[in-house]
Enquirer: 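First, the structure itself, so that you have it in front of you.
Numbered from 1 within each chain, the chains take letters A, B, ... in sequence-line order. Note that the structure is a prediction, hence the values are computed from the model and not measured.
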Number of protein chains: 2
Amino acid sequence: MGCVTATTRVRLSPEERRSQLLDLGVRLLATRSLDELSIDVLAEEAGISRGLLYHYFGNKHVFHEAVVRRAADDLIAQTAPPASGEPLERLLTSVTAYVDYVVTNYEGYLSLVKGAAGGNDTLREIYDEARSALTDRVFREDAQGTIITDTPAARLVVRGWAAMTEELVITWRADPSGVSREELLEIIAASLPALVGVIPG
Amino acid sequence: MGCVTATTRVRLSPEERRSQLLDLGVRLLATRSLDELSIDVLAEEAGISRGLLYHYFGNKHVFHEAVVRRAADDLIAQTAPPASGEPLERLLTSVTAYVDYVVTNYEGYLSLVKGAAGGNDTLREIYDEARSALTDRVFREDAQGTIITDTPAARLVVRGWAAMTEELVITWRADPSGVSREELLEIIAASLPALVGVIPG
DNA sequence: CATTCTATTGACACCGATTCAATAAGGGCA
DNA sequence: TGCCCTTATTGAATCGGTGTCAATAGAATG
């Protein structure tokens, strides 16, 4: 049954409260879509008044942005590439972590993607950052040199590859029949060089 | 200045009225996003009462679905492939029409995509139909035979290719610098065979 | 234990979605 | 031509969720 509805008000430090609300927000994304995540629902679940949410986040949009940002940070952290190793191998490790992240956090990830895709520019920008964290490194040059030459066409293609990867993972997770996890990873990994090969010029 | 605000109520046949409201809805998508397309706004623009919208479409969701369906039908009609010709050439013609459609109807198309992506299952399904209209033919076998063998992995890859194509076109249209329309078309067209090549098995 | 700072509340104003009984356009019939 | 009758259309009332703000009460400090 859990606790009874709050009797005495509890006073937390702003950092703790803010963090609690954001965590709860991200957790609730597994159950509802972003715009079903109303102020009412969150206040109810958190056991606080609606007014408190408006105290910490000026309005619903700001709150949504903060939640999406936290979810994106989760994703970025979980798919961080290893510090060392072959550039292509590091990318593969990252992609594998991404696939596994989506598989385990499917519902929440879906809400994140849909919310960002359907939302305002700010939301899309936040999600773009997460994508870039995954893909930008193919342009970053290190001791071994750059993997892909940085041209407008190459940027475009890599961005397209990221969109394709997202679609592949989401679709596969919804119905994995006929394709194994390893085959999926192979498709994604092999796609990037295959696509780079079609860049004109 | 246009006409003054309606003085006498005009009575249309249900078909005419319904059609008028849907057309207006699609047209307004070039200016606002789907969820900024409120009942108030539409009624105002159409010069009718809010109640009438509820008479024709039970609620806002249903109205939005109908608008998206009409916009998707537009897209499908405009990108219909020629009846005859080489399968691959027919696909290229379709893709070219798709690119040109997005270029000219950019704002409205963005609203369509965002609305479908961020919306409920019904909305996504409608948009999926439009995508399928563009891509399914690569599996259809005709006199020349099938272009791509129909397997779960192939279905997945073609779906990914469609998502990539959408991302490429939208991104390119937002900032075409550095890549010409012909190069874009070349990238998209060459991508499909390149991706089919990475299918395992 | 009193004081003070500020995290937290609850009541209220407001806007858009939704309902429904009342209204009137306009085609058909005498 | 003028009445009638169907039904397209309206407008007022309701409801649920957002956003505002002065009032309330933890808890740390002296």
Side-chain angles (χ1 to χ4, degrees), chain A residues 3-25 28-29 31-68 111 115 118-120 122-123, chain B residues 3-25 28-29 31-68 111 115 118-120 122-123:
Chain A
C3 292
V4 289
T5 45
T7 51
T8 44
R9 74 164 67 161
V10 184
R11 188 191 172 110
L12 298 181
S13 76
E15 294 74 34
E16 281 178 309
R17 184 63 83 187
R18 201 183 148 83
S19 189
Q20 173 211 352
L21 296 177
L22 288 178
D23 281 340
L24 180 58
L28 289 182
L29 279 188
T31 312
R32 319 148 205 292
S33 74
L34 192 64
D35 57 50
E36 283 165 358
L37 190 65
S38 67
I39 300 292
D40 280 340
V41 166
L42 200 120
E44 165 94 16
E45 292 281 333
I48 59 166
S49 68
R50 288 193 302 280
L52 195 56
L53 259 160
Y54 286 97
H55 175 71
Y56 283 104
F57 311 91
N59 58 48
K60 200 172 71 161
H61 283 324
V62 172
F63 177 63
H64 280 173
E65 285 170 18
V67 169
V68 168
S111 291
N120 58 41
T122 310
L123 284 182
Chain B
C3 294
V4 290
T5 44
T7 51
T8 45
R9 72 164 69 163
V10 184
R11 188 189 171 110
L12 298 182
S13 77
E15 295 72 33
E16 281 177 309
R17 185 63 84 187
R18 202 185 148 82
S19 189
Q20 173 211 354
L21 296 178
L22 288 179
D23 281 341
L24 180 58
L28 289 182
L29 279 189
T31 312
R32 319 145 205 292
S33 75
L34 193 64
D35 56 53
E36 284 164 358
L37 191 65
S38 67
I39 301 292
D40 281 337
V41 165
L42 200 119
E44 164 94 17
E45 292 281 334
I48 59 164
S49 68
R50 288 192 299 278
L52 194 56
L53 259 160
Y54 286 96
H55 175 72
Y56 283 103
F57 312 91
N59 58 46
K60 199 173 70 160
H61 283 323
V62 172
F63 176 63
H64 280 173
E65 284 170 20
V67 169
V68 168
S111 291
N120 59 40
T122 310
L123 284 182

Enquirer: What is the distance, to the nearest angstrom, from the CG atom on L21(B) to the P atom on dA8(D)?
Expert: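 Going from L21(B) (CG) to dA8(D) (P), I get 13 Å.
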
Enquirer: Atom CD1 of I39(B) and atom P of dT14(D): how far apart are they, to the nearest Å?
Expert: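 Rounded to whole Å, this separation is 21 Å.
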
Enquirer: Measure from CZ on R18(B) to C1' on dT9(D) and round the result to the nearest Å.
Expert: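 That distance rounds to 17 Å.
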
Enquirer: DNA chain C: H61(B) or Y56(A), which has the more 5' nearest nucleotide?
Expert: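 The 5'-side residue here is Y56(A).
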
Enquirer: Could you state the CD-P distance from E16(A) to dG26(D), rounded to the nearest angstrom?
Expert: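 Answer to the nearest Å: 17 Å.
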
Enquirer: Please report the distance, rounded to the nearest Å, between CZ in R9(A) and P in dA27(D).
Expert: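 So the CZ-P distance, R9(A) to dA27(D), works out to 11 Å.
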
Enquirer: Restricting to non-hydrogen atoms, name the atom on V67(B) and the atom on L22(B) that form the minimum distance, rounded to 0.1 Å.
Expert: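 Closest heavy-atom pair between V67(B) and L22(B): N-CD2, 3.8 Å.
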
Enquirer: Which nucleotide in the set dT18(D), dT9(D), dA8(D) lies at the smallest distance from any side-chain heavy atom of S49(B)?
Expert: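 Looking only at heavy atoms from C-beta outward on S49(B), the closest nucleotide is dT9(D).
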
Enquirer: If you pin Y54(B) and I48(A) to their nearest nucleotides in DNA chain C, which one's is more 5'?
Expert: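 Looking at the nearest nucleotide for each, I48(A) comes out on the 5' side.
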
Enquirer: Under 4.0 Å, heavy atoms only, any strand: does L52(A) hit a base, just the sugar-phosphate, or nothing?
Expert: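 Base contact - L52(A) has a heavy atom under 4.0 Å of at least one base atom.
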
Enquirer: Without decimals, in angstroms, what is the distance between R17(A) CZ and dG26(D) P?
Expert: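 Whole-Å distance recorded here is 13 Å.
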
Enquirer: If you only use heavy atoms from C-beta on, which nucleotide in dG11(D), dA8(D), dG17(D) is closest to the side chain of D40(A)?
Expert: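 Taking heavy atoms from C-beta onward, the closest nucleotide is dG17(D).
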
Enquirer: Using a cut-off of 4.0 Å on non-hydrogen atoms, how would the nucleic acid contact of F63(A) be classed: base, sugar-phosphate, or nothing?
Expert: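 Answer is nothing: F63(A) stays at 4.0 Å or more from every strand.
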
Enquirer: Give me the first and last nucleotide of DNA chain C, going 5' to 3', that has any atom under 4.0 Å from a heavy atom of chain B.
Expert: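 For DNA chain C, the relevant span reads dG16(C) to dG26(C).
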
Enquirer: Has the side chain of E36(B) got a donor or acceptor atom that lies under 3.5 Å from a matching backbone atom of S33(B)?
Expert: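 Checking the backbone N and O of S33(B) against the side chain of E36(B), a donor-acceptor pair under 3.5 Å is found.
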
Enquirer: Report yes if at least one side-chain N or O of H55(B) is closer than 4.0 Å to OP1 or OP2 of dT9(D); otherwise report no.
Expert: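 No.
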
Enquirer: Determine whether F57(A) and R18(A) make a side-chain contact, defined as any pair of heavy atoms from C-beta on separated by less than 4.5 Å.
Expert: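 Yes, their side chains come closer than 4.5 Å.
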
Enquirer: Does atom CD (E44(A)) have a neighbourhood of more than 12 heavy atoms from anything else shown, all under 6.0 Å?
Expert: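 Open.
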
Enquirer: Would you confirm whether H64(B), through its side chain, and L34(B), through its main-chain N or O, come within 3.5 Å as a donor-acceptor pair?
Expert: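 Yes; at least one donor-acceptor contact below 3.5 Å.
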
Enquirer: Measure the distance from CZ on R11(B) to P on dC5(D) and round it to the nearest whole Å.
Expert: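 Taking CZ of R11(B) and P of dC5(D), I get 15 Å after rounding.
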
Enquirer: dT18(D) C1' sits how many Å from R50(A) CZ, rounded?
Expert: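 Result: 9 Å.
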
